[in-house]
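Step one of this worksheet: look at the structure below.
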Amino acid sequence: MFLFLLISFIILVSLVMFKAYKNTQNIIVRNVKIDHNETESVTSLNILHLSDLHLENISISAELLYEKLKHEDIDLIALTGDFLDRKRTIPKLIPYLKVFNKLNPKHGIYTVLGNHDYVLKGVHLQSLIDTLNEYNCQVMQNSSETIYIEDQPVNIIGIDDYSTNRSDLLSSYQSIQKGTNLVLTHDPNIVLDMKKYHFDYLLAGHFHGGQICYPKAYHLAKMGKLAKMNVIKGLHSHDGRPFYISEGLGQTGVNIRIGSLPEITLHQLSIGKENTDLNPAI
């Protein structure tokens, strides 16, 4: 009887683990529209947002990623960190970077780094940054860049990783113009510290939607206030300002997902004539 129960338990666990692994291959493509009703909309910005590739544990090839996205009209690609955490994985990043360039985003590719990227140190971290730069990814570490959409300024603000105490809001905002503020960052917890720093939309990742939820992602409680509030994925707002937390493309730890699926998100952000003020006086 005991042997029967043991075998049954092993079979059940194996089936659960197999299904959990197969979940990592079930990539969801989500479309999100952000329309600021209080402003006169001039046009919109189509953003491809990818986060948390975790190339040590990713179940979508660069080729399949391209097939899923090749017909999309993409103005800008936003990559919000956690590409990898081992120096030997850097070459694996290159096929994905080639795909991002092949998608031909009209206004470029912008990226911030995440806590796992910062596991790399010294020359190995610089090698990751150099590789991203080589393939036309602008690595933003508490900096901003202004682009123009039908003569309307859009400030792309890249805030460095909050969870490793690298965020510097003052530096990130110091060069912005009056226009629309699009913030890219890895750890979304920073929104709770941005009362004085306006954004029209913020994109982040970090939580993987829990990756393993049973039924809640209790293990994320140590990852900040948002996680304790169960704000771990999807579209939310804070102080009336919208932000989106990606469930990510890859996995960390083990290559499984339960109660969460990897995702690609396509965001349509309305660009208004007067979406935002200048950076606040500090």
Indicate yes or no: at least one non-hydrogen side-chain atom of [X] is less than 4.5 angstrom from one of [Y].
X      : Y      : value
Lys87  : Leu120 : yes
Leu53  : Asp82  : no
Leu132 : Leu93  : yes
Leu202 : Leu182 : no
Ile176 : Ile157 : yes
Ile77  : Ile47  : no
Ile245 : Ile232 : no
Leu269 : Asn46  : no

So if you build clusters from Ile, Leu, Val, Met, Phe, Trp, Tyr with side-chain heavy-atom gaps below 4.5 Å, do [X] and [Y] land together?
X      : Y      : answer
Leu79  : Leu76  : no
Ile271 : Leu266 : no
Leu69  : Ile109 : yes
Val231 : Phe207 : yes
Ile212 : Ile58  : no

Q.
Does the Lys NZ or Arg CZ of Arg166 fall within the cation-pi geometry relative to Tyr118 - under 6.0 Å from the ring centre and within 45° of the axis?
A.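 Output yes; distance and angle both within limits.
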Tell me whether Lys102 forms a cation-pi arrangement with Tyr66, defined as NZ or CZ under 6.0 Å from the six-membered ring centre and within 45 degrees of its axis.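 Relative to the ring axis of Tyr66, which defines the angle, Lys102 lies inside both limits.
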Can you measure from [atom1] ([X]) to [atom2] ([Y]) and round to the nearest 0.5 angstrom?
X      : Y      : atom1 : atom2 : value
Ile28  : Thr265 : CD1   : OG1   : 12.0 Å
Leu55  : Ile90  : CG    : CD1   : 10.5 Å
Thr80  : Leu184 : OG1   : CG    : 7.5 Å
Leu249 : Leu65  : CG    : CG    : 6.5 Å
Ser246 : His267 : OG    : NE2   : 7.0 Å
Asp73  : Leu48  : CG    : CG    : 11.5 Å

Which heavy atom in [X] sits nearest to a heavy atom in [Y], and how many Å separate them?
X      : Y      : answer
His238 : Leu192 : CE1-CD2, 3.6 Å
Tyr162 : Asp187 : CD2-OD2, 3.7 Å
Arg257 : Ser260 : NH1-OG, 2.7 Å
Ile190 : Ile159 : CD1-CG2, 3.4 Å
Ile149 : His107 : CD1-NE2, 3.2 Å
Pro188 : Leu226 : O-CD1, 3.3 Å

Any side-chain to backbone donor/acceptor pair from [X] onto [Y]? Under 3.5 Å, distance only.
X      : Y      : result
His71  : Lys68  : no
Asn101 : Lys98  : no
Asp168 : Asp160 : no
Gln251 : Gln211 : no
Asp161 : Leu113 : no
Gln177 : Pro153 : no
Gln138 : Glu145 : no

For atom CG of Asp239, decide whether the heavy atoms of other residues, nucleotides or ligands shown that lie under 6.0 angstrom number more than 12.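 Yes, CG of Asp239 has more than 12 neighbouring heavy atoms, counting only those of other groups under 6.0 Å.
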Have [X] and [Y] got a donor and an acceptor in their side chains that come within less than 3.5 Å?
X      : Y      : result
Thr89  : Glu56  : yes
Asp200 : Asn181 : no
Asn142 : Ser172 : yes
Asp130 : Ser127 : no
Asp52  : His206 : no
Ser59  : Asn255 : yes

Please report the C-alpha distance between Asn155 and Ser144 in whole Å, then the side-chain angles of each, then the deciding distance to 0.1 Å, and finally whether the side chain to side chain donor-acceptor pair (under 3.5 Å) criterion is met.
CA-CA 7 Å; Asn155 299 303; Ser144 67; 5.8 Å; no
Practice prompt. Describe, in one word, how the ring planes of His54 and His208 are oriented to each other, choosing from parallel (under 30°), tilted (30 to 60°) and perpendicular (over 60°).
Written response: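 The rings of His54 and His208 stand perpendicular, inter-plane angle above 60°.
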Checklist line | Ion pair Glu247/Arg30, N-O distance below 4.0 Å | finding: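 Yes.
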Electrostatic pair Lys106-Asp75, nearest N-O below 4.0 angstrom
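Counted as a salt bridge, because a side-chain N and a carboxylate O are separated by less than 4.0 Å.
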* To do: Could you walk me through whether Leu45 and Gln268 pass the side chain to side chain contact (heavy atoms under 4.5 Å, CB included) test, one step at a time?
  => CA-CA 6 Å; Leu45 181 67; Gln268 186 181 74; over 6 Å; no
key: Residues clustered with Val119, ILVMFWY side-chain links under 4.5 angstrom   =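 Besides Val119, the hydrophobic cluster comprises nothing; the residue is isolated.
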